[in-house]
Amino acid sequence: MTLRERLRQKISAAFYHHGLLCASYPVPIILFTSASILTCCYPLLRLPLPGTGPVEFTTAVRGYASPSHNPLGDPVERPDWYRGPPVAYIQQVLVKAAVSPWGSNLLPVDAFRPPLGQVFTLLEEIRNHVHSDSSGVQSLEHLCLQVTDLLPGLRRMQTVLPEHGCLLVSPGNYWQNQQELFDSDPDLLKTVQKHEPKGLHTSATLRDLLFGVPGKHTGVSHYSKKRVVTYTITIALSTYDAGFLGSLRARLKQLHPSANCSLGEEHMVHVHFKEEIGIAELIPLVTTYIILFAYIYFSTRKIDMVKSKWGLALAAVVTVLSSLLMSVGLCTLFGLTPTLNGGEIFPYLVVVIGLENVLVLTKSVVSTPVDLEVKLRIAQGLSNESWSIMKNMATELCIILIGYFTLVPAIQEFCLFAVVGLVSDFFLQMFFFTTVLSIDIRRMELADLNRRLPAEAGLPPPKPGPLRPREAPPPPRPSPHTITLQTPAFRNLRLPKRLRVVYFLARTRLAQRIIMVGTVIWIGILVYTDPAGLRTYLAAQVSEQSHLGDPGGGGGQPPHLGGMAPVFPGGDPAKALSVLPAREATPLPENQSQRHLAPGRVQEQPRGPPAATQVPWGAEDEEGWRRLSFRHWPSLFSYYNITLAKRYISILPVIPVTLHLGPQEAPETPRHPQDARLPPDPIPKFSSPDLQAADLTLYKVAALGLAAGVLLVLLLFCLYRVLCPRNYGQNGVSHGRRRRGDLPCDDYGYSPPVSEISPLLLRGHSMDIECLASDGMLLASCCLAGQIRVWDAQTGDCLTYIVHISISLGCEGRDPCVGGDSASEDEGGGFPFRRHAPPLRPPLFTDQPDLTPLIDTNFDSRLPPSSVHAAPPRGAAFDYGGLVERAYTEHEPPSPAAYPSPSYSSSPPTAGFANCRRSPVEAPDRGFACGPPPAAEWEGSVWAMELRGNLIAAGRSSGKLQLWDAVEGSLRCSNEEGASGITALAFLNNRIVAARLDGSLDFFTVELNKPPGLLQYRGAPGRGSMPPSPCYSSDDLISCQLTRSVLCAHQKPITVLRAAAGRVVTGSQDHTVRVYRLDDSCCLFTLQGHSGAITAIYIDETMVLASGGQDGAICLWDVLTGSRVSHVYGHRGDVTSLVCTNTCVISSGLDDLICIWDRSTGIKLYSIQQEVGCGDSLGVISDSLLVTGGQGCVSFWDLNFGDLLQTVYLGQTSDGQGVRQLLVLDNAAIVCDFGSELSLVYVPSVLEKLD
Amino acid sequence: MADSTPGGYGSEPGPRPAPGPYISAVTNRTTNLVIRGAMLFSVGVFLALVLNLLQVQRNVTLFPPDVISSIFSSAWWVPPCCGTASALIGLLYPCIDSRLGEPHRFKREWSSVMRCVAVFVGINHASAKVDFANNVQLSLTLAALSVGLWWSFDRSRSGFSLGVVIALLATLATQLLVYNGVFQYTSPDFLYIRSWLPCIFFAGVITMGNIGRQLALLTVMLIS
């Protein structure tokens, strides 16, 4: 263990230093890394690019010898594949035959029947050719490539393709190489056409194979204008015998000399074929790639809290890819040629190497304290994760080593690549990615600074915490301590963020499009440059059209000679002829010696029908095989189960043969009686059957391609929907009436449908709700208007209603209080009319609680009991009722502000007066009988409120602490000792702690006293904390006594105050947190660690203390020792609220992010993006259920995994009002403010899930 | 105060006019199950087709005359069976997790699941493409790879035991089918198939369990 620990420390230290190095010198290190990547990838230049066609290599025929397997030091640069003998030598005999001069008595059939008939004599000649020299007698039988059976699936071709013998194909194969069959064939074209495949064909057709030239160049057609028939006799030879081939060439040339032929015969071409990927292989390959992309997508999505998310994701992908390239490059450098198919193993390699390390690094670095220097952050982050990175790497290496010892060559090779890839990936992570990360983080710091500075400069510093996030307009307050509420400035600063999100989406779209365009361009280039691709086709089309448009020939530009032949392979022979005279000036010796058999040569102008057709030889004939499909040879050989993949064939120079059949010879060839019956079409139709067939095929291909494309798009769309149902901007799913813009969705983009849980709306407040307090049973709310309402948390009924403007008695403002389902009028019962009967109150108020359950009842029916018990005030109540003008479904007894008699009060005008809260707009609305508003204004607004038992403690801006009876709505006591506004309250047991704006902290004790004799005791301090009435139902007097006041608890206003477990924790703008003991108000600790004002504190009964500050930091403290347990930076901007559960810490910030942290390690588990302005409303129902507020809705999340469980919309007509406060009650109900309304949401279904 | 108000929510939810959540909760669960099952089924069918293609390819030359038909070369009921089995497995895993009371916490991310699927396809690929000297070597290699898959992506005892049991049962069922002549291996070398079958089954069970757990995490709750 100690060794392990030491090792761990060493590794950690090494990583630390490395991180420092990387962050200190980013540019040199990146340059160094790029250089090493390029160096390692250099050997890859020699590897062929994927996706191109076969490659060629040309050697001279003279002195050719089959290359050996082991290339010796050869001065000539030769490709890697040019080793060993080829699969076969292809010798083509190119026959061009013409009947000339064309006689008028000839049928169209005569244009090709006699020339084709000549093939049999030629074949005979070739087969019987024997060359004898000193080494012995060589015949074709010895040299040719012997083939065996055809593949079992090709039975229908058995009649036309040779079996068990020489691989020698020619058009004669159609007639089994028998002249008799040919002669008796009534319709040659039909025979040829019979073997054509019906449907689509990707490989070469049989016609191409046998004729050896592309179908339209053969001239075997009724409508061929040129009347020159071209075909080849293709011989595949297994061994190369120069002597035999030479003699065969000489013999054929001697028999059928080609007058104007100038074909070169010096070069042979070796063609190397790639491994073809068929559909069967393509489907799994595509599948693996799709899985790979999904993996990359899901991985890089986890990168968070960095400046440029996409930049880092790109860096991660680049790291992995270039490590793969490096591994291949290194392996090639050291002589290990990859034999595996790179495209196939590539996804697996990526998956094995993985992106995890990169993500772990990012996460670790990001979660280091923001206030540290960048290089220290990088170093810390690196060293934190060093052990796990090393462990992972060791494990992976071990696994791969085990794989290596399976002793299967393919797996060994894979493992070798993987090992090298892993090591180079590690190298790149350490050097490249770390540096990129440091640059990114440095940029973020700068950007953060730029962003924060105006925000902090533009805001007045003193801001009481609980009020900060509100957007309410700051009402004019004649308080000496002017508190400016959060101005919308910060919000304005936040607006661009939303814009940035839009831009961000737009950017990603852009990225997708760039990728798509790149792919399309790549495919286009491939198609265009492919030997059998578009370029050839286009060129052919162009030349053909130019020919057709100008039948005289010579219209278009002359085809290039020599090497450019494949570019214009479709050049027609007639055109070639027109340029040929130039070449005839350099006659070849053979031509001259055997010129006597070239009668047609004299007639240079093929004008007029009777003129003899000249047999043209052009440069394109030299390598006529180029015009064939590049699959021609592989398919020919594959019929015999010989694969050409990764092998090569050598194509020898063609032997030209020219056949001139005079018109007198042509009829000599036995015509079949049926030939004459064929309709001779005098006008050569443009749309010949061939062309028609080609067109039809083209249409079929297009239609099928279109259908496949549509299918693919649909499939991808479905896949996309399944994988990522996030609505980018537009609301794709129709949710009926719920169209409020973006639905909240979770980290996976999953947005559960809107639930039909109908929240209970608690209406009654006329202005936005400011404070919420609950003790589980009761719920107290205070609105901006200063009105306090008490609700039953179970039913949502409004129990009491305290309006603070009751100046002139009997004219209290009334407001409706709409409970969930109760609708009743109850006016008289709760209405106190104290001026009339101060001494009579006890009986009156004794009854008060009894009335609460009667709210549902009719007002009239309730009259008798109330009249019985409270006879005197009843009349007043009726007076009051008469003043009411607004009719609501339910009227709640306007619980009056307790009105203490002036004689008791030390400050008569204000003493018991409820306050018409500062807004002048509200005043007329509220109290039509608001007598002296100025006095009421001075009362101050409620800044803090707490509810315990049935006591509401309200802290006012005037510094007054008031205790109200929650049920009756009567003021129990008031304490006016402090002049500074109470910013926060804590009510625990019988103690109330009030934090004031001037940084002082007051501890009060609430005492329940027996009524009679204690008034004096109370009066002794003269603090005015007086029992408002002797009418307390339980006959208890409630006194609120200031036990201790800590004058300078903080240097600056106290922003947060929390109490639990016998501790009081305060947070202030002076960056410190203080812990007091509740019992003796003794300051235990002053916790320093934040670099900004404290904005959120959480403490619970288990002594967990967490604090969050304006610096975005969250600290966890040990309450017993006062030491900092962990310190994380999670938010840009203030931490607005904090909640801890057993396992995690949940924080929300001004950046509208809710972050969930692991409590023990301080690692961020995930984060939830909230809507603007709703960031700080969150609550935890149980250990695994989180509630957050949104725009007009609340969302339930599974805490363990960050899944959105349900969203509940609060109102029918949401105008985007955000939920700013959220309170979780004991019975798993949630109360949240919703503008001027309160919403009570029960979560039954979620609870069921939890159980 | 509070006790004066009629009944707490938890005690009698009846009077509250909110029947929606209950009904929807029930419908949720079933639709949720159906949706998950359907997704797992489709994934299973897809993988079966693709992997079958991999296996078929082993005995096919470069240019098979009819490629498309080879996708469906095996019996028609094989992909649906695979789909059904994967749906069952994918639903069974989270169910067992919740029964055992130990939720699976190891690498609960889609990227991990994707990695798992990729490795599974890779194992199939290796078994189809790599030429092994003998069947023992093939079996051992595949077994090591499968266990590696489990260790990398699952690491739960319940997952392992369930995987082993299902793999053995499936192999047994296949063998029975073959002996009774219902089903025939396309490949002539009988031992070859038998040697890879249990390992592939095991890896497949682990993979589908992984997907199923991840889907269960999502808890798709659709309200019609």
Side-chain angles (χ1 to χ4, degrees), chain A residues 151 153-154 203 276 278-281 283-284 287-288 291-292 294-295 298-299 302 344 347-348 351 354 399 402 406 408 410-411 634-635 638 641 643 645 722 748 750 752-753 755-758 777-778 792 794-795 797 821 849 852-853 950 966-967 1200-1201 1203 1205-1206 1227 1229 1242 1244-1245 1248, chain B residues 1-2 4-10 13 16-18 20-22 24-25 28 39 46 50-51 53-54 56-57 60-68 70-71 103 108-111 113-115 117-119 121-122 125-126 129-133 137 140-141 144 148 217-223:
Chain A
L151 276 186
L154 296 169
S203 55
E276 282 272 340
I279 300 173
E281 287 172 321
I283 292 174
T287 314
T288 53
I291 295 173
L292 173 72
Y295 168 62
F298 284 121
S299 297
K302 287 186 291 186
E344 258 174 41
Y348 304 121
V351 163
I399 289 176
I402 292 172
T406 50
V408 182
I411 293 184
S635 45
S638 72
N641 206 2
T643 174
V722 168
Y748 297 115
Y750 166 67
S755 97
E756 295 301 321
I757 294 180
S758 53
M777 292 299 173
L778 294 181
D792 186 340
Q794 310 285 342
T795 60
D797 301 333
D821 48 1
T852 48
N950 57 349
V967 178
N1200 295 326
F1201 308 113
D1203 307 331
L1205 297 178
Q1206 208 160 13
N1227 56 353
Y1242 293 99
S1245 57
E1248 271 171 21
Chain B
M1 30 178 274
S4 60
T5 58
Y9 178 73
R16 182 145 299 282
Y22 295 98
S24 59
N28 272 354
M39 287 176 77
F46 179 69
V50 168
L51 299 180
L53 201 60
L54 268 179
V56 165
Q57 216 181 305
V60 160
T61 49
L62 192 59
F63 295 101
D66 37 5
V67 185
I68 303 294
S70 67
I71 296 177
R108 298 282 61 182
E109 283 153 351
W110 272 114
S111 60
V113 172
M114 283 298 149
R115 217 178 171 188
V117 175
V119 172
V121 176
H125 208 140
K129 279 288 179 69
V130 178
D131 291 315
F132 288 90
Q137 199 184 25
L140 284 181
T141 311
L217 263 188
L218 282 180
T219 57
V220 187
M221 298 203 301
L222 277 183
I223 299 174

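Chain identifiers are assigned alphabetically (A, B, ...) following the order of the sequence lines, protein sequences preceding nucleic acid strands; residue numbering begins at 1 within each chain. Heavy-atom basis, side chains included; hydrogens, waters and symmetry copies ignored. Note that this is a predicted model, so its numbers are computed, not measured.
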field: A/Ser299, part contacting chain B, at a heavy-atom distance under 4.5 Å
entry: both
Part of B/Ala118 lying under 4.5 Å from any heavy atom of chain A: both
- prompt: Is B/Val117 close to A/Tyr295 at the side-chain level, that is, under 4.5 Å between some pair of heavy atoms?
  reply: no
message: Looking at every heavy atom in both A/Ile291 and B/Met114, which two are closest together, and how far apart are they?
response: CG2-O, 3.3 Å
